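Beneath this line is the structure, given in structure tokens, with notes to follow.
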There are 2 protein chains.
Amino acid sequence: MGIQQKRSKYREEFRREILAEARELFITEGYEKFTMRKLAGKIDYSPPTIYLYFKNKDDLLLAICEEVAEQYFANLKLIIARYTDPLQTLRQALLYFIEFGFNNPHQYKVFFSMKPDLYGKKEEFMEKESMAKNSYLIFREIVQDCIDAGRLRAMDTDVMTQSLAVAVQGLVLMTIYRQSFPWADRNLLASALVDCLLRGYLK
Amino acid sequence: MGIQQKRSKYREEFRREILAEARELFITEGYEKFTMRKLAGKIDYSPPTIYLYFKNKDDLLLAICEEVAEQYFANLKLIIARYTDPLQTLRQALLYFIEFGFNNPHQYKVFFSMKPDLYGKKEEFMEKESMAKNSYLIFREIVQDCIDAGRLRAMDTDVMTQSLAVAVQGLVLMTIYRQSFPWADRNLLASALVDCLLRGYLK
DNA sequence: ATGTTAACTTATCGTCGTTAAGGAAGTTTT
DNA sequence: AAAACTTCCTTAACGACGATAAGTTAACAT
């Protein structure tokens, strides 16, 4: 049992090492050029070795997603702690989300390189533990606080949360993915959109 | 010259035929399973034949995009003609965009399967003719009308147009791409978001 | 010493986008 | 009418991909 533990400990260590290298490869080379073979080369192992630690490429991408979500989640919690006014908290949370996307375009793209149902079936998402789920729930809480405090209109919390979320995600996605388009200044767009959204749901 | 014309006419005809089959394959099989080889099989020609009519896969995807944008653009013009109140026109335009995305998820995905700069460099987009450009400009015009009529706040037209656009595109993209997530009712989200956006920019 | 297991390799499969080279048919030139 | 050229399409192949099968090596257990 002791040995088993030791082994699985090394195993987990190596897995995390691969993951770290994978994330770096993703960031430096971008999604389009990220391949299992290149990753194998980067860690100086043969390609099949990766498959001993990850079921397949999607599994690995999901793991990267979770790492990214974890990083986002941790910072979001710090932001929440910094503000007392619920509306101010929400504003900063929205702005931080956009900033995170702008600063980490490659990480952000991972989420959209995955299959539509990589997080499982519709019901499974809320049952399984995931940083993606945690991030949504904490964001939902912020919105709920605004409603409870009477600062935002009383309406279905999920509808409000999700409509806010998709709006800011749209900004990040579009500016990242459609670089041919003559976008206005990103930061201008960000503050205009967030202002508009909050104003739109103001009580 | 007459013969040349005849030839290029047939050539164009075949090209459009391939395009039509490609779009159908895209719709029925989805982006992930769309391959040049399958398309070749579908039109009963060998794979390299397609390359006589399209430079490469991206070129073909771009052509599909333009077809989709053309369809969207045509319908959008009809909607504009139907309403006189500028704000009402904008509302319907936003709702139609979302509806279009919901009803044509596969076509919509084409735009995001393309390389970031498939429409050329940043300056080229506005110079070259494209249905994507036309769609943006007509949408921008609607927004401009609302501002001019004093119904929406006076601010940079492009910033307002683009922030509205990315918000609704976010809704479509997220619901299409992240199907594991327990979204609220799509139509509820759509009307809530559009209401919020218009309210947010109201004068 | 022998059997067992884990970790890793090489070799390979099937698929993809794409290109090279060539052939068949029609068109133009002589 | 024969020869040369052009157009259109084919077969064959390249390199890269994700992934699997089968085999090797070394550590460990008995």
Side-chain angles (χ1 to χ4, degrees), chain A residues 1-19 21-23 25-26 29-65 109-110 112-118, chain B residues 1-19 21-23 25-26 29-65 109-110 112-118:
Chain A
M1 206 256 246
I3 289 164
Q4 284 284 352
Q5 259 189 357
K6 194 176 175 186
R7 281 213 180 118
S8 63
K9 187 181 153 196
Y10 284 145
R11 197 182 151 73
E12 186 59 29
E13 211 168 90
F14 190 25
R15 197 187 128 101
R16 287 196 56 83
E17 196 178 314
I18 295 175
L19 213 53
E21 297 277 3
R23 219 175 70 167
L25 188 62
F26 220 100
E29 299 252 0
Y31 163 67
E32 297 83 0
K33 300 196 172 180
F34 176 88
T35 70
M36 298 296 265
R37 296 170 122 97
K38 272 189 190 159
L39 175 57
K42 191 169 158 63
I43 61 174
D44 269 320
Y45 282 87
S46 68
T49 297
I50 301 173
Y51 289 86
L52 298 172
Y53 298 88
F54 299 92
K55 194 182 153 201
N56 51 35
K57 190 178 182 180
D58 280 337
D59 187 33
L60 196 152
L61 290 180
L62 181 61
I64 297 180
C65 280
K109 278 189 181 181
V110 191
F112 280 79
S113 60
M114 302 190 313
K115 297 219 174 83
D117 56 351
L118 195 53
Chain B
M1 206 257 247
I3 289 166
Q4 285 285 352
Q5 259 188 358
K6 194 177 177 186
R7 278 210 182 122
S8 63
K9 188 180 151 195
Y10 282 145
R11 194 180 153 75
E12 186 60 29
E13 211 168 89
F14 190 26
R15 198 188 128 100
R16 288 196 56 82
E17 196 178 313
I18 296 175
L19 213 53
E21 298 278 2
R23 219 175 70 166
L25 187 62
F26 220 100
E29 300 252 358
Y31 163 67
E32 297 84 1
K33 300 196 172 179
F34 175 88
T35 69
M36 298 297 264
R37 296 172 121 98
K38 270 189 190 155
L39 176 57
K42 191 170 157 63
I43 60 175
D44 267 319
Y45 283 87
S46 68
T49 299
I50 301 172
Y51 289 84
L52 298 171
Y53 298 87
F54 297 92
K55 194 182 152 202
N56 50 36
K57 191 177 182 181
D58 280 337
D59 187 33
L60 196 152
L61 290 181
L62 181 60
I64 296 179
C65 279
K109 278 190 182 182
V110 192
F112 279 79
S113 59
M114 302 191 313
K115 296 217 174 88
D117 56 351
L118 196 54

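First the proteins, then the strands, lettered A, B, ... as listed; each starts at 1. Keep in mind the model is a prediction, meaning the values are calculated, not measured.
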Using a 4.0 Å cut-off on protein heavy atoms (strictly under), produce a 5'-to-3' string for nucleotides 12-19 of chain D with B for base contact, S for backbone-only sugar-phosphate contact, and - for none. BB---BBB
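B:F34 and B:A22 make their closest contact through CE1-O, 3.6 Å (heavy atoms, listed as atom of the first residue, atom of the second, distance).
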Before giving the answer on side-chain contact (heavy atoms from CB on, under 4.5 Å), spell out for A:I50 and A:I43 the whole-Å C-alpha distance, their side-chain angles and the decisive distance to 0.1 Å. CA-CA 10 Å; A:I50 301 173; A:I43 61 174; 4.3 Å; yes
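Among the protein residues, A:Y53 comes within range of the sugar-phosphate backbone only, with heavy atoms under 4.0 Å from sugar or phosphate atoms but none that close to a base.
Aromatic ring pairs are classed by plane angle as parallel below 30°, tilted from 30° to 60° and perpendicular above 60°; the pair B:F14 and B:Y53 is perpendicular.
Taking atom CG of residue A:L52 and atom P of nucleotide D:dA21, one finds them 13 Å apart after rounding to whole Å. One atom, CZ of B:F54, and another, P of C:dT19, lie 15 Å apart when rounded to the nearest Å. The CG-P distance, from B:L39 to C:dT18, rounds to 12 Å in whole Å. The interatomic distance linking A:D44 (CG) with C:dA7 (P) rounds to 19 Å, in whole Å. Rounded to whole Å, atom P of C:dA6 lies 10 Å from atom CZ of A:R11.
Residues A:R15 and A:R11 form no side-chain contact, since every pair of their non-hydrogen atoms from C-beta on lies 4.5 Å or further apart. Annotation: side chain of B:L39 is in contact with side chain of B:L60 (closest heavy-atom distance under 4.5 Å).
Close to D:dC8, at under 4.0 Å from its OP1 or OP2, lies no side-chain N or O of B:Y45.
For residues 54-65 of chain B, the set of pairs meeting the side-chain hydrogen bond (donor to acceptor under 3.5 Å, both in side chains) definition, not counting sequence neighbours, comprises B:D58-B:K115.
Distances were taken from every side-chain heavy atom of B:S46 (C-beta onward) to each of C:dC8, C:dA7, D:dT10; the shortest belongs to D:dT10.
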